[in-house]
There are 2 protein chains.
Amino acid sequence: MALEHAILVSLLEKPGSGYELARRFERSIGYFWTATHQQIYRVLKRMEGDGWIDVREVPQQGRPDKKEYSVAAVGRAALSGWLHEPIEPESVRHDLAVKIRGAAFDDPAALIREVERHHQEHADRLAHYLAGELRDFTGPDAPRTPDAGRELQHAVLRGGIAYERMMLAWLDDVLATLHRLRP
Amino acid sequence: MALEHAILVSLLEKPGSGYELARRFERSIGYFWTATHQQIYRVLKRMEGDGWIDVREVPQQGRPDKKEYSVAAVGRAALSGWLHEPIEPESVRHDLAVKIRGAAFDDPAALIREVERHHQEHADRLAHYLAGELRDFTGPDAPRTPDAGRELQHAVLRGGIAYERMMLAWLDDVLATLHRLRP
DNA sequence: TCTTCCTATGCAACTCGTTGCATATACAAG
DNA sequence: CTTGTATATGCAACGAGTTGCATAGGAAGA
């Protein structure tokens, strides 16, 4: 399982509270790893117990206090160990593909609206990624200093962009196929 | 959850035993939905209990008897209901992306071998998909009769092919980035 | 004959992920 | 002054997925 490792990477990039982590998982990290706040809090507890991360109570004004987590030496070592372990390429789970093959035993035309919905969702994600790329990497306000961390973040983001573009092209293909199958 | 629906689709395409389903999940269906035989047997039990599928004991020669499952009317209705429900676009989980961003806090060069391994794996999958496409859809021995089911299966397979091609291009991009970051 | 592999089915324990709910502070809008 | 929204943390129950193990018949080869 890699949630704990995703949290370690995120905390190394910038220390933060469980709440802040949950928001990062809705944004940048969520591009390739999803997690809810309940999951994050639970894992943070365990990681703290294992000495992977340190906590610091931070009083705040105008909002509740927070617990700011940062990576301890043990956690850094654990991440390093995991980074050097080989991992298997991810297993895929595409509900939509199941539906498309299932449509052969139902009304294929009824699936068109659903596929169009997914198309819209992926178009939105692509726009969001491209805006982030412009803001953080390729735009005029993006930092110009060479930085391995930023380079790697950009490479991951390019992966997200490539994925969304591929999905949009494929969904167009699926839509054309569904229209062709209409009476 | 869609495992039960994936099983229904597979059984509609062709009835079979739990063992046969497990093998299909290693092959064609596994392109977009993975499941182990333990999981499949467990779900088949529940589906049988719910009246979604029928069982037939089939004695075999030279090998143990098997239970052949086929979709019952209730199961067909359940699938139809699910097909008409909207589903959310899948949530992604890319261990490799976590590793790439984590490499900023470790040795980026150490990741090159791992990325190359993944590249090889995806190249193998692509070759496998392309061979299947040639055999079942575009080759000279493929059936020529128009069939909605086959059309949709082909569309899903084209999605797998597009995915693997996208991954290969992105992994090339990542490799170039990692080489650029070397001392 | 012994081992290994393939077919075929299944249990039990455990971990992980999801869903629903609960609590508390603070600010802004009505 | 109540309602809604955002911050901030958390529990409990359930459902899904993974891992390890167990059983059993038959075929193929050393």
Side-chain angles (χ1 to χ4, degrees), chain A residues 1-7 11 15-27 29-30 32-50 53 55-69 82 87-95 98, chain B residues 1-8 11 15-27 29-30 32-50 53 55-69 82 85 87-95 98:
Chain A
M1 111 102 158
L3 174 54
E4 38 202 27
H5 302 112
I7 288 176
L11 289 179
S17 67
Y19 188 82
E20 284 162 348
L21 283 170
R23 299 219 312 183
R24 289 183 213 170
F25 273 81
E26 282 170 11
R27 295 182 57 257
I29 309 178
F32 53 90
W33 201 275
T34 56
T36 60
H37 77 269
Q38 289 90 340
Q39 226 181 313
I40 290 167
Y41 282 120
R42 196 206 289 156
V43 173
L44 281 173
K45 272 271 157 70
R46 190 178 66 227
M47 290 168 76
E48 193 196 333
D50 292 345
I53 50 178
V55 204
R56 195 168 63 93
E57 289 269 348
V58 178
Q60 295 188 113
Q61 288 173 343
R63 46 179 79 172
D65 297 355
K66 67 173 180 179
K67 297 182 183 173
E68 194 180 78
Y69 292 95
W82 178 73
I87 48 166
E88 290 308 304
E90 352 62 54
S91 50
V92 198
R93 251 115 208 250
H94 282 282
D95 297 69
V98 179
Chain B
M1 109 101 159
L3 173 56
E4 37 201 26
H5 303 111
I7 289 176
L8 285 173
L11 289 179
S17 69
Y19 188 83
E20 283 162 349
L21 282 170
R23 299 220 312 184
R24 290 184 212 170
F25 273 82
E26 281 170 12
R27 294 182 58 257
I29 308 181
F32 53 90
W33 201 276
T34 55
T36 61
H37 77 271
Q38 290 89 341
Q39 226 181 315
I40 291 166
Y41 282 120
R42 196 205 291 153
V43 174
L44 281 174
K45 271 272 157 67
R46 192 178 65 229
M47 290 168 76
E48 193 195 335
D50 293 345
I53 49 178
V55 204
R56 195 168 64 94
E57 289 270 347
V58 178
Q60 295 188 117
Q61 288 174 344
R63 45 179 80 172
D65 297 355
K66 67 173 180 178
K67 297 181 184 173
E68 194 181 77
Y69 294 93
W82 178 74
E85 267 173 31
I87 49 166
E88 289 309 303
E90 354 61 55
S91 49
V92 198
R93 262 119 220 219
H94 282 281
D95 296 69
V98 179

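Chain letters run A, B, ... following the sequence lines, proteins first and then strands; every chain starts at 1.
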Enumerate the protein-to-nucleotides 19-26 of chain D contacts in which both atoms are nitrogen or oxygen and the separation is below 3.5 Å.
from   : atom 1 : to      : atom 2 : distance (Å)
D:dG20 : O6     : B:Gln38 : NE2    : 3.2

Residues A:Lys66 and A:Glu57 bridged, charged N to O under 4.0 Å: no
Those residues that, when tested against B:Arg93, pass side-chain contact (heavy atoms from CB on, under 4.5 Å) (two or more places apart): A:Trp33, A:Thr34, A:Gln39
In whole angstrom, what separates B:Tyr41's OH from C:dC11's P? 11 Å
How would DNA chain D look in dot-bracket form, 5' to 3', counting Watson-Crick and G-U wobble pairs with both distances under 3.5 Å and writing | for bases paired to another strand? ||||||||||||||||||||||||||||||
Strictly below 4.0 Å: does B:Ser17 bring a side-chain N or O up to OP1 or OP2 of C:dT9? yes
Rounded to whole Å, CG of B:Leu44 lies from C1' of D:dG17 at a distance of 16 Å
May I ask you to verify if any side-chain N or O of B:Tyr19 is less than 4.0 angstrom from the OP1 or OP2 atom of C:dT7? yes
Is A:Lys45 near enough to D:dG10 that one of its side-chain N or O atoms lies under 4.0 angstrom from OP1 or OP2? yes
When you match B:Gly18 and B:Arg93 each to their closest nucleotide on DNA chain C, which lands nearer the 5' end? B:Gly18
Within this structure, what is the CD-to-C1' distance between B:Glu26 and C:dT7, rounded to whole angstrom? 13 Å
How long is the line joining CZ of B:Arg46 and P of D:dA16, in whole Å? 5 Å
A:Glu90 CD to D:dT18 P, in whole Å, measures 14 Å
What distance do A:Glu4 atom CD and A:Leu44 atom CG have between them, rounded to the nearest 0.5 Å? 11.0 Å
If you find the nucleotide of DNA chain C closest to B:Lys67 and the one closest to A:Glu4, which residue's nucleotide is nearer the 5' end? B:Lys67
Rounded to the nearest angstrom, tell me the gap between atom CD in B:Glu57 and atom C1' in C:dT9. 11 Å
